[in-house]
2 protein chains.
Amino acid sequence: LPKVVKRRVHALKRLQVQCANIEAKFYEEVHELERKYAALYHPLFDKRREIVTGTVEPTDEECEWTSDKEEEEELAEEVKEKASIEDTKKEEAKPEEDPKGIPEFWLTIFKRVDMLSDLLQEHDEPILKHLKDIQVKFSEPGQPMSFTLEFHFEPNGYFNNAVLTKMYKMKSEPDASEPFSFEGPEIIDCEGCQIDWHKGKDVTVKTIKKKQKHKGRGTVRTVTKQVPNDSFFNFFNPLKVAPDGEVKDEDYEFTLATDFEIGHFFRERIIPRAVLYFTGEALEDDESFDEEELEEGDEEEQDEGDEDDEDEGDVDTNNFAHKEQPQPAECKQQ
Amino acid sequence: LPKVVKRRVHALKRLQVQCANIEAKFYEEVHELERKYAALYHPLFDKRREIVTGTVEPTDEECEWTSDKEEEEELAEEVKEKASIEDTKKEEAKPEEDPKGIPEFWLTIFKRVDMLSDLLQEHDEPILKHLKDIQVKFSEPGQPMSFTLEFHFEPNGYFNNAVLTKMYKMKSEPDASEPFSFEGPEIIDCEGCQIDWHKGKDVTVKTIKKKQKHKGRGTVRTVTKQVPNDSFFNFFNPLKVAPDGEVKDEDYEFTLATDFEIGHFFRERIIPRAVLYFTGEALEDDESFDEEELEEGDEEEQDEGDEDDEDEGDVDTNNFAHKEQPQPAECKQQ
């Protein structure tokens, strides 16, 4: 480009930085809106918790629900029931089966969502049966932007905390060194909480026994040692974000990015739509989402195979922050 | 599930429908916010247009811009310049080269962005050299939600319109039959405009000549016929959305979905960040975005290869509507 033109392009870039600063304010206002709407969702989520835990029994009116598929299933069931009176009698023979609320509601979600089941260990399951609710709380206006996930437990034999928390700190301003990479608020750090485990119940550590031989005397003694153990509850003891300039390996970055993704997923998908993850309806959507991405990626790959691996360090995905979908409604109804 | 539990799950689903209705109101407020911010961006975009068209020359202060890379390039250039005084003299010999504004600013963007260059034909290029600005206008409060892309042209030898428009109608409410698929506003229809072409200048049609032989007399005459021609300007004469129930083939749906994606891309990426598409900086981001998606998709494919092609008709991608990114800032700085 001729120098005079280059000069003008620089002027446009300066304008673009100003745009990024305005955009940051826009996202702050969206955050405020989210706080406002959190209050509107609150009574509905309270009601959900009460139904899940069995504190209230919904009225018949509150339970009215029909979908073609379910009706068909119900019809098929009725036919089946009539055919095998024997089975019906067996069922009646178990009157003790009167489940409270929706048993294992949250545990079922943990098992169904890949991102969470990857963390879930067998020893976590009996603990998560006591999970009553997951809530999100937003930072107050004027405070640094953040959100806190609250995991509410009923009294249980594992720890004393009634609530386990995980706080995600966010940043909603363009980076001075990279103003154009700004795409809305980002998670930049997180903080867990101390779990007050009952003695011997901490599933995040395991005790191993080691035999030690005394060098001089030749006597053998057994020592016990506590080592970290895989568990979902390590979610509350996350990695610390390393200060700038410190050496960070790939594992570290992957673990941190995964943790941030999980926090984001709780906030944006699981908490607002828990019942759909419980029934599996939301999972189908997510899966077809991934498939679609794969197809697009494949095409991209064919067109521009040369540029492979150029930007490996850049985890700048899902940049459709605060954007509408471009898909026609028609396609969704197929 | 036992019937009593199923009943409670239905109650949760009813609550979930209420959540979707609240969410719809949230997105309406976000739309209002976008209108509000459009007014804040307006003076900056006006300034951009004036610099691009050469109406104003930015001051030195307005053009201050340094980045390490550019400084290096400039240094290298200086060395080069000193070495070949000959070339410099040649350049000086062309004093007529005093480009106005930033020549071919928008055309360059059209050429660089795959989604647009796919539509671009050679005969479109001289016309797009006259494109002065692209703007987005939002629907007024109380009106059905929509946005209009305005393509502003300087007087040219091709058509009389000063502005070509494309309006995208949106829907921001859950579908009664599918309330859980609601993920924020969607484009549901679009409307182009009539282009008042100068005689013989309409690039969206081509004239073909056909020889016809008279059956009885055996005389031959030449008839001319106008047939559709590939051109970006067909963007202003889009397909109509077929009413529900009408047969739609795959081609139709693909064309419609592509048109909606392009409209969305103009609104959300090109208009707000035009200079970054001109310089190519935004393109790099988009490419690494696609690569990342591919990697995720691959993993998904390996885990659940069985479920292939199950939801082919579902174009429900990019569902991160109004969500923040879960990526740690650290990863971006690598």
Side-chain angles (χ1 to χ4, degrees), chain A residues 5 7-8 10-13 15-16 18-19 22 26 29 33 37 40 44 47-48 51 58 62-63 65 99 102 180 184-188 253 256-257 260-261 264 268 275-276 281 288-290 292-294 297 300 311 313-315 317-320 322-329 331-332 334, chain B residues 5 7-8 10-13 15-16 18-19 22 26 29 33 37 40 44 47-48 51 58 62-63 65 99 102 180 184-188 253 256-257 260-261 264 268 275-276 281 288-290 292-294 297 300 311 313-320 322-329 331 334:
Chain A
V5 175
R7 200 176 153 274
R8 291 167 195 148
H10 286 171
L12 294 195
K13 282 193 174 192
L15 290 174
Q16 198 63 44
Q18 291 179 52
C19 285
I22 293 175
F26 167 78
E29 290 210 45
L33 258 189
Y37 273 80
L40 300 178
L44 299 176
K47 189 78 190 253
R48 174 174 77 188
I51 293 170
E62 285 171 340
C63 295
W65 189 265
I102 303 175
F180 301 143
E186 276 182 309
I187 295 174
I188 51 164
E253 265 175 29
L256 205 64
F260 290 3
E261 262 174 63
H264 179 76
E268 292 294 351
V275 67
L276 304 179
E281 284 156 287
S288 62
F289 177 43
D290 285 329
E292 185 65 26
E293 283 189 333
L294 179 65
E300 216 42 53
D311 273 298
D314 196 336
V315 203
T317 54
N318 303 330
N319 277 345
F320 286 78
H322 297 270
K323 311 299 183 216
E324 285 85 355
Q325 296 164 253
Q327 279 68 37
C331 297
K332 290 178 82 177
Q334 296 291 305
Chain B
V5 175
R7 200 177 153 274
R8 291 167 195 147
H10 287 170
L12 295 195
K13 282 193 174 189
L15 290 175
Q16 198 63 44
Q18 291 179 51
C19 285
I22 293 175
F26 168 78
E29 290 210 44
L33 258 189
Y37 274 79
L40 300 178
L44 299 175
K47 188 79 190 251
R48 173 173 79 188
I51 293 170
E62 286 171 339
C63 295
W65 189 265
I102 303 176
F180 301 143
E186 277 182 309
I187 295 173
I188 52 164
E253 265 173 30
L256 205 63
F260 290 3
E261 262 174 63
H264 178 76
E268 291 293 351
V275 67
L276 304 179
E281 284 156 288
S288 61
F289 177 44
D290 286 329
E292 185 66 27
E293 283 189 332
L294 179 65
E300 215 43 52
D311 273 298
D314 196 336
V315 202
D316 203 350
T317 54
N318 303 330
N319 277 345
F320 286 77
H322 297 270
K323 311 300 181 216
E324 286 83 358
Q325 295 164 253
Q327 278 69 37
C331 298
Q334 295 291 304

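Lettering of chains follows the sequences in order, A, B, ..., and the numbering in each one begins at 1.
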| message | Using side-chain contact (heavy atoms from CB on, under 4.5 Å), reason through B:I22 and A:L44 one step at a time and then give a plain yes or no. | response | CA-CA 10 Å; B:I22 293 175; A:L44 299 176; 3.6 Å; yes

Note to self: side-chain contact (heavy atoms from CB on, under 4.5 Å), that's the test. Do B:L12 and A:I102 meet it? Break it down for me.
What the structure shows: CA-CA 10 Å; B:L12 295 195; A:I102 303 175; 3.6 Å; yes

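If you tally non-hydrogen atom pairs under 4.5 Å between each of A:I51, A:L40, A:L33 and chain B, the highest count goes to A:L33. Across A:E29, A:R48, A:K47, the residue that shares the most heavy-atom pairs under 4.5 angstrom with chain B is A:E29.
Note that the CZ atom of B:R8 and the CD atom of A:E62 stand 12.5 Å from one another [nearest 0.5 Å].
Between A:Y37 and B:F26, the ring-plane angle classifies as perpendicular under the 30° and 60° cut-offs.
The part of A:L276 that comes within reach of chain B is its side chain, from C-beta onward, which places non-hydrogen atoms under 4.5 angstrom from that chain.
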